Every structure is written in structure tokens, then in C-alpha cells.
Amino acid sequence: MKKQILGLSIATAFALPVAAQQSVEVLHWWTSGSEAAALSVLKDNLEKQGVKWNDMPVAGGGGEAAMTAVRARVTSGNPPTAVQMMGFDLSDWAKQGVLSDLNELAMKQGWNKVVPAAVQRFSKFNGKWIAVPVNLHSTNWIWANKEVLTKAGVMTEPMTWDEFIAAAEKVQKAGFIAIAHGGQPWQDATVFDGVALATGGPDYYRKAFVELDPKALNSPTTEKVFERMAQLRRFVDKDFSGRDWNVASGMVISGKAGFQMMGDWAKGEFINAKKIPGKDFLCFRTPGSQGSVSFNTDQFAMFKVGGDKGAAQIKLASAIMDPAFQTAFNVVKGSVPARTDVPDTAFDDCGKKGMKDLAEASKKNTLVGSIGHGHAVPASIKNAFYDVITRHFNGQIDSKKAVAEMLSAAKN
Ligand code: BGC
């Protein structure tokens, strides 16, 4: 007997007449200029196939507000067709039995062979595909305005933490904002990803923030991570509180600020502003973390919706996994493909570096899940970590207290 997927065979899904117009309702948090541009690539692709796109944006980087909206929709028995989702949130929903089984499509299209293992770990639940990965982002990046650095006399890329601090000091002395930052818990935690990786290396990072080993968490290294976070605090401007990440990117793009420490979705904003890597802006890993990558991957979870909505889900999933789409989308988004068989030719220099770093980190086992973006620990602990990191960044607790609080946050 032919296996059914989402209540329909794949053949039937593609054969359904367009007259009974298929549609998808997609809930996501891609609301910045580059995010919307990247999403349009997917939307246009679906619309060409006769699938109507009902957009359900829920603003808020990191997706916290979006996840609250999803909970409300599922609780009221009206889930969206597809939801942008990350990391442990995927398995949390899969556990509830509300996500569709995408295995037949995955087997037919050979997803097992082309999706990196680190991504699959979140796309599958109990061995079954429950989500479709659209990209692979990483968080241990710094974005810099080249002209600002030149004016400040920073002529070489900082290779060590101390060199970075010295460079930030020069930028500040030259009258610029050294670090453009948005004081929102998820952004503070994104910076923390890179600082933790740069300070303790991938083994420490994994032990402390993925395995939650009390000895690694409650260690002088963690205190040093917080000390470095406090150092960074001196370089942000007085209006940083609550600022959106893309506004912070805009400050670097326009030459108001020297650096932004942010995931590579920030690169999307530079590209969207027609800036060229190497010429207008620089991308480098948080100094001390080159060789390691802290990653997150955006995936689309398909909720069990049944009927002809199931057919549209199959089209959406197939469109996302198409290698040409993965290129077209990710060159705009700033991320790299969630497939290992996509060439880097269409990518800019930062994208090429991202792909090379990723391949190297997968091989050397220095690829770790982002703490800030839900790929290290489940949401309950992630949120408790956010709280400590943010209170410390705002000077409410010192580094010693922050270490102790991280230890108790890990028990959430
Ligand atoms: C997502 C990115 C998104 C960023 C800011 C991250 O959690 O993975 O796709 O661009 O948040 O909204």
C-alpha cells in the first residue's frame, strides 16, 4: 500500500487542481528588510506553483513573541500551516503530537544524505522528520564598518580578545559608538554565545551550556566570560536599551558605529543596503573563536492541519529543500544552506567563509548549538539564562553572582 503523508500521497498533493486554491499560512518573525526580502523568495516560489501565501509575521528577533503566538493558536485549535521554529522548541512541539510526519517526502528526496547531522538533530523527533530546515546561521560573528575602523586607525582585523578591546577603544576615542548593540535579552545572549566560545573554547562551551555540567558552569572560566561581557558594556551607547538588532546593524552600515556582535542575519542587512564585504564592511569571528561555530537553524514545522492544506504543506516543504532555493534564499538572508551539496559560488566572501568555517567545525567537532537561539538547552533554561545574562549586562549583578545564578538557572 502506498504510504500516505499528511493524509495525502505526494503524487496526489502535486496533482491537485489549482482551481481549489491551495494556501499556506506561515507564522514567522522575519520582519526586518533583509528578512522580508529573503522570505519573498519563498513566497514567490509558492505563488508560482499556485499556492496562496497568507503571511503571519510576529515581530521580535529570536522568536520569543512568535512562540507565544503559536501557543495561543494551537491552544485554540487553529494552528498555522507552517511555523518558523528553532532548536529545542521543535522537539517540544513534536512531543505534543501536533506536528506532521514528513518522512515519506524526506525519504523520497533523500534529505538524510544532504542535511548536516547537527541540523537533522533538530529536524527529527523519534527518528522521524518533523521540520524542514531552511538555513544554517551562526552567532559568533562580528560585523565592522571598514571606513570607521580606518578613521580610528584600526588597520588590521583583531585576532585576540585584547586586540578587539584595543580596537573598540580606538573607535570610541575617534568619536564613534564602538559597539552597536540592542539591549534585549536575546541580543545580550547572542553576544554571550560568541564570548563564551572565544573564552573557554568549544569543549568548555559544550560542557557548561549544553551538558550543564555544574563544575564547568561554576568555574573561573564562566566568571571570565562575564567579566568580558562587562568589558563590552563600556562600549555601547547610552540609548542601547530595547533597540532592535537591525537598527543596531543600521548604525554600523551608516558609519555611526564601528562594530556589531550579532549572528549572520546581520549580514543580510548589509547586503540589503548594497554594501560589499571586504570593501564596505568586514566579517570576522568573535576573536578567539575562529575554528569553532555556534549555530542555529531556522526550520519550518508543519502542524497537523489535514485536507488540502496538507497538499500545500508538501509543496512548501519541497520548495524549501530545493538546492536552487537554498542558494537564492540564503544569499539574501545572510545564512548558509542547510544542505551540504550546495556550491558556494553564488555566495559573497562572508558567506563563503561561513560555509568553509562550518565544514571545518563539523569535521573537527567544534560546532556547538547557540545558547541564545535555543540550540543548546530547552526554552525553560534558555529563558533563565537570558535573565541572568541581561541583569549582569545591565550592572544589576556582578560576575561572581552571575556565575552562581547561571548554576541555579541550569536547574530550571
Ligand atoms: C533567527 C534569524 C533571524 C534573527 C533575528 C534568529 O533567531 O534564526 O533567522 O533573522 O533571529 O530576527
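In listed order, ligands and their atoms are each counted from 1. Treat the numbers as computed from the prediction; the structure is a model and nothing was measured.
Close approach of ligand 1 to Trp245 (heavy-atom distance below 4.0 Å) involves ligand atoms 5 (C), 12 (O). Residue Gly61 has at least one heavy-atom neighbour below 4.0 Å for each of these atoms of ligand 1: 5 (C), 12 (O). In summary, the atoms of ligand 1 found under 4.0 Å from a heavy atom of Lys333, numbered by their order in the structure, are 2 (C), 3 (C), 9 (O), 10 (O). Ligand 1 places these atoms under 4.0 Å from at least one heavy atom of His137: 2 (C), 8 (O), 9 (O). Atoms of ligand 1 found under 4.0 Å from any heavy atom of Met86, numbered from 1 in the order shown, are 7 (O), 8 (O).
Under a 4.0 Å heavy-atom criterion, Gly63 is not in contact with ligand 1.
Salt bridge annotation for Asp357-Arg285: present, with a cationic side-chain nitrogen under 4.0 angstrom from a carboxylate oxygen. For the pair Asp349 and Lys353, the salt-bridge criterion is not met [side-chain N within less than 4.0 Å of a carboxylate O]. Taking 4.0 Å as the cut-off between side-chain N and carboxylate O, Glu104 and Lys108 do not count as a salt-bridged pair.
Shown here are the side-chain contact (heavy atoms from CB on, under 4.5 Å) partners of Val336, two or more places apart in sequence or in another chain: Leu136, Met355, Leu358.
For the residue pair Gln84/Asp298, the side-chain donor-acceptor check at 3.5 Å is satisfied. Inspection of the Ser399 and Glu227 side chains reveals an N or O donor paired with an N or O acceptor under 3.5 Å.
By the 3.5 Å distance cut-off applied to N or O atoms, Trp186 is not counted among the residues near ligand 1. Among the atoms of Asn296, some N or O lies under 3.5 angstrom from an N or O of ligand 1.
Looking at atom 9 (O) of ligand 1, its nearest protein heavy atom turns out to be Asp298 OD2, 2.6 Å. In terms of protein heavy-atom proximity, atom 7 (O) of ligand 1 is closest to His373 ND1, 2.8 Å. Counting protein heavy atoms only, atom 12 (O) of ligand 1 is closest to Glu35 OE2, 2.7 Å.
His373 pairs in a ring-ring contact (aromatic ring centres under 6.0 Å, His included) with only one of the listed residues (Phe88, Trp265, Phe122, Trp29), which is Trp265.
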(message) Please determine whether side-chain hydrogen bond (donor to acceptor under 3.5 Å, both in side chains) holds for the pair Lys315 and Gln22, giving the CA-CA distance in whole Å, both sets of side-chain angles, and the decisive distance to 0.1 Å.
(response) CA-CA 10 Å; Lys315 285 190 178 168; Gln22 294 173 6; 3.3 Å; yes
